[in-house]
Amino acid sequence: MVVLPGALAAVLAAAACGGVGSGSGAPPGGGEAALTTMGFGFPDEIATTRADAFKKTHPEVKLTVNQGQFDEQAFLSAVASGNPPDVVYLDRQLIGTYAARGAIQPLDDCVAKEGIPMSDFYPAAQQQVKLNGKWYAVPEFYTSIILLVNDKAAKEAGADPESIDTSDWDALAALAKKMNKVSGGKIRRFGFYPKLPEFLPLWAKANGADLLSADGRTSRLDDPKVAEALGYAQGLLKDQGGWTRLKAFTDTFDYFGEKNPIAEDQIGMMLTEQFLVTSLASTSPDAKITVLPFKDRQGNPVNMVGGNGWVIPKGAKHPDVACQWIKTMTSADTWIAAAKARAAKRAQEGRPYPGTFTANAKADQAIFSQIVKPSGHEPYDAATKTILDVQDKGFVVPQSPAAAEFRTAWIDAATRVMQGRQDAKAALSQAHQEAVKALQAAAG
């Protein structure tokens, strides 16, 4: 969930005035070591293996894992009241706002004390967890964006799946129409899902534009190339049935189940995070898919990187233990152990293991050279190679002190365009004004 800027400002203002920050390290009076988490759970062996590694090396710590998704309002309220969890797992895109407003603490001392090798992490992931020269989080997974093609739909449209080229926008739009199926006023198969509003930065980058300056201080939402990219992507939606019908259709998708949109022939091709591919390997190991890099208009692969990170809230009562947890959860050795557990499970099930893609480049090097082996399921073996190939093409929207507010501005703009309430130029002009105001306020 992305917080509303007004609500965020109000709660963080309360945090700044509420005496937060009294926690220092060991429990008062030398009591039992403890650790309370937020935003993390145990959905699979990737999580449990790493948590077990922490328990094994820190048996003296009473670990309380509050399972569930990160709850922004609950987190900020806890910080404002002076009783936050010790360590929090959240979207790296939001870190700048929390850091600037004092809701999370710098981790430079943590990194130095525990010897966390930040250079092991991919550069794009490092960029997302740093503000004004200080570390505010340690990154966990590394999410890449790829083009997932349903081979059946492509072949029915007369296209060789491997030859699909996203750099040719006219040809891409024509292919999307051919893949699209509408019957009785309802979408039966959506030809190409461009994933708006979330992937607007990717479309803009493909058109040679950035939403924000490299230093995170200047909005570029008024760049005509951004409007052109948004207008094009919105045109894809309109030509295939429109946003309203698309949303009604995609809301029925079981992305991570056996009746996923590839198995059910509900999607021709889509931009998606690579973890959908790894999920398909488990639910649809025999799926006929092709995974391709998304290319800019010059034909160069481009990849918008995302993922979560671990932060320590201001006022955490056990920051030293939290730092030890962060080190364990993101270390190369722990990731390798988790990958081995996943590979063993998939082998037992007779399903392919395309790999676990972490923000730790050192871990990935070991995982993909030592653990991930050819599976006999060629589409997934090829997918792994494609995903690895685009990892170093990753970019992020630069971190800024108004990260959450800036993201809300462009998300809302793209949404207004999809809903037909504004054209791309007008929506982005409004968003630019909102972003400028937020950036100036954050800069003090």
**Q** Is it the case that the side chain of Asn150 and the backbone of Ile267 share a donor-acceptor pair, with hydrogens and angles ignored and the cut-off at 3.5 Å?
**A** yes
**Q** Got a sec, which pairs hit salt bridge (charged side-chain N to carboxylate O under 4.0 Å, His left out) with one end in residues 217-238, sequence neighbours left out?
**A** Glu228-Arg297
**Q** Determine the minimum heavy-atom distance between Ala159 and Leu175, stating which atoms define it.
**A** CB-CD1, 3.8 Å
**Q** Using distance alone, with no hydrogens and no angle criterion, decide if Asp91 and Gln93 have a side-chain donor and acceptor under 3.5 Å apart.
**A** yes
**Q** Answer yes or no: is there an ion pair linking Arg416 with Asp412, defined by an N-O contact shorter than 4.0 Å?
**A** no
**Q** Would you call Arg245 and Lys186 a side-chain contact if the rule is heavy atoms closer than 4.5 Å?
**A** no
**Q** Return the set of residues passing side chain to side chain donor-acceptor pair (under 3.5 Å) with Asp423 (not counting sequence neighbours), or none when no residue passes.
**A** none
**Q** Quick one: pull up CD1 in Ile326 and SG in Cys110 and give me the separation to the nearest 0.5 Å.
**A** 5.0 Å
**Q** Which residue pairs pass the ring-ring contact (aromatic ring centres under 6.0 Å, His included) test with at least one member in residues 157-190, sequence neighbours excluded?
**A** Trp169-Trp203, Trp169-Tyr232
**Q** Side chains of Ser167 and Asp165: is there a donor and an acceptor less than 3.5 Å apart?
**A** yes
**Q** Taking all non-hydrogen atoms of both residues, which atom of Gln430 and which atom of Gln422 are closest, and how far apart?
**A** OE1-NE2, 3.2 Å
**Q** If I take atom NZ from residue Lys340 and atom OG1 from residue Thr356, how far apart are they, to the nearest 0.5 angstrom?
**A** 13.0 Å
**Q** Nearest 0.5 angstrom please: Ile146 CD1 to Leu271 CG, how far?
**A** 8.0 Å
**Q** As an exercise, state the distance from CG of Asn207 to CG of Asp296, rounded to the nearest 0.5 Å.
**A** 9.5 Å
**Q** Can you tell me if Thr384 uses its side chain to pair, donor with acceptor, with the backbone of Pro354 under 3.5 Å?
**A** yes
**Q** Treating Thr328 as the side-chain partner and Gln324 as the backbone partner, does any N or O pair qualify as donor plus acceptor under 3.5 Å?
**A** yes
**Q** Within the distance-only criterion (no hydrogens, no angle test), does the side chain of Glu162 pair as donor or acceptor with the backbone N or O of Thr290 below 3.5 angstrom?
**A** no
**Q** Under the ring pair (Phe, Tyr, Trp, His ring centres under 6.0 Å) rule, collect the residues that match up with Phe42, sequence neighbours excluded.
**A** Phe40
**Q** Any sub-3.5 Å donor-acceptor pair from Arg92's side-chain atoms to Gly306's backbone N or O?
**A** yes
**Q** Step by step, would you call Val311 with Tyr136 a side-chain contact (heavy atoms from CB on, under 4.5 Å)?
**A** CA-CA 6 Å; Val311 303; Tyr136 279 92; 5.7 Å; no
**Q** Looking just at side-chain N and O atoms, do Glu140 and Trp310 make a donor-acceptor pair shorter than 3.5 Å?
**A** yes
**Q** If you draw a 6.0 Å radius around CD in Gln69, do more than 12 non-hydrogen atoms from other residues or ligands fall strictly inside?
**A** no
**Q** Is it the case that the side chain of Thr278 and the backbone of Phe275 share a donor-acceptor pair, with hydrogens and angles ignored and the cut-off at 3.5 Å?
**A** yes
**Q** For this output row, return yes or no: ring centroids of Phe368 and Phe357 closer than 6.0 angstrom.
**A** yes
**Q** For residues Val302 and Phe395, determine if any side-chain heavy atom of one lies less than 4.5 Å from a side-chain heavy atom of the other.
**A** yes
**Q** Apply ring pair (Phe, Tyr, Trp, His ring centres under 6.0 Å) to Phe253 and list each qualifying residue two or more places apart in sequence or on a separate chain.
**A** Phe249, Tyr255
**Q** Which pair of heavy atoms, one from Ala435 and one from Leu221, lies closest together, and at what distance?
**A** CB-CD1, 4.0 Å
**Q** Where the side chain of Arg50 meets the backbone of Ile46, is there a donor-acceptor pair that is under 3.5 Å apart?
**A** yes
**Q** Please identify each residue that fulfils side chain to side chain donor-acceptor pair (under 3.5 Å) with Ser284, with sequence neighbours left out.
**A** Asn260
**Q** With sequence neighbours excluded, give me every salt bridge (charged side-chain N to carboxylate O under 4.0 Å, His left out) pair touching residues 349-366.
**A** none
**Q** Are the side chains of Tyr98 and Val88 in contact, using a 4.5 Å heavy-atom criterion?
**A** no
**Q** Under the ring pair (Phe, Tyr, Trp, His ring centres under 6.0 Å) rule, collect the residues that match up with Tyr142, sequence neighbours excluded.
**A** Tyr122
**Q** Hey, could you give me each pair passing salt bridge (charged side-chain N to carboxylate O under 4.0 Å, His left out) that has a residue in residues 365-376? Not counting sequence neighbours.
**A** none
**Q** Just grab all the salt bridge (charged side-chain N to carboxylate O under 4.0 Å, His left out) pairs involving residues 191-215, residues at least two apart or on different chains.
**A** Lys195-Glu273, Lys205-Asp210
**Q** Would you say CD of Gln67 has more than 12 non-hydrogen atoms from neighbouring residues, nucleotides or ligands within 6.0 angstrom?
**A** yes
**Q** Can you tell me how far apart CD (Gln126) and OG (Ser119) are? Round to the nearest 0.5 Å.
**A** 7.0 Å
**Q** With a 4.5 Å limit on heavy-atom distance, are the side chains of Thr97 and Phe406 in contact?
**A** no
**Q** Is there a side-chain contact (heavy atoms from CB on, under 4.5 Å) between Thr272 and Tyr193? Walk through the geometry before answering.
**A** CA-CA 9 Å; Thr272 185; Tyr193 188 14; over 6 Å; no
**Q** Quick one: pull up CE in Met270 and CG in Leu276 and give me the separation to the nearest 0.5 Å.
**A** 6.0 Å
**Q** Side chains of Leu196 and Trp243: does their closest heavy-atom pair fall under 4.5 Å?
**A** no
**Q** Could you check whether Lys385 pairs with Asp381 (Lys NZ or Arg NE/NH1/NH2 to Asp/Glu carboxylate O, under 4.0 Å)?
**A** no
**Q** Taking all non-hydrogen atoms of both residues into account, name the closest pair between Asp86 and Pro313 and its distance.
**A** O-CD, 3.4 Å
**Q** For the side chain to side chain contact (heavy atoms under 4.5 Å, CB included) test, which of Asp44, Val372, Ile367 pairs with Arg342?
**A** Asp44
**Q** Can you list the residues that meet the salt bridge (Lys or Arg N to Asp or Glu O under 4.0 Å) rule with Asp265, with sequence neighbours excluded?
**A** Lys152, Arg189
**Q** Could you work out, with ring pair (Phe, Tyr, Trp, His ring centres under 6.0 Å) as the rule, every residue matching Phe54, not counting sequence neighbours?
**A** His58, Trp325
**Q** With a 4.5 Å heavy-atom cut-off, do Leu63 and Thr37 have their side chains touching?
**A** yes
**Q** Check for a donor-acceptor pair, side chain of Asn66 on one end and backbone N or O of Met38 on the other, with a separation under 3.5 Å.
**A** no
**Q** Looking only at non-hydrogen atoms, find the nearest pair between Ala154 and Met179 and report the distance.
**A** CA-CE, 3.3 Å
**Q** Within the distance-only criterion (no hydrogens, no angle test), does the side chain of Arg421 pair as donor or acceptor with the backbone N or O of Thr415 below 3.5 angstrom?
**A** no
**Q** Do you know which two heavy atoms are closest between Glu405 and Ala438, and how far apart they sit?
**A** CB-CB, 3.8 Å
**Q** Could you check whether any side-chain heavy atom of Pro194 comes within less than 4.5 Å of a side-chain heavy atom of Leu237, counting everything from C-beta outward?
**A** yes
**Q** Could you tell me whether the side chain of Ser219 reaches within less than 4.5 Å of the side chain of Leu439, counting heavy atoms only?
**A** yes
**Q** When you measure from the side chain of Gln399 to the backbone of Gln128, do you find a donor-acceptor pair of N or O atoms at a distance under 3.5 Å?
**A** yes
**Q** Centre-to-centre under 6.0 Å for Phe199 and Phe294, is that the case here?
**A** no
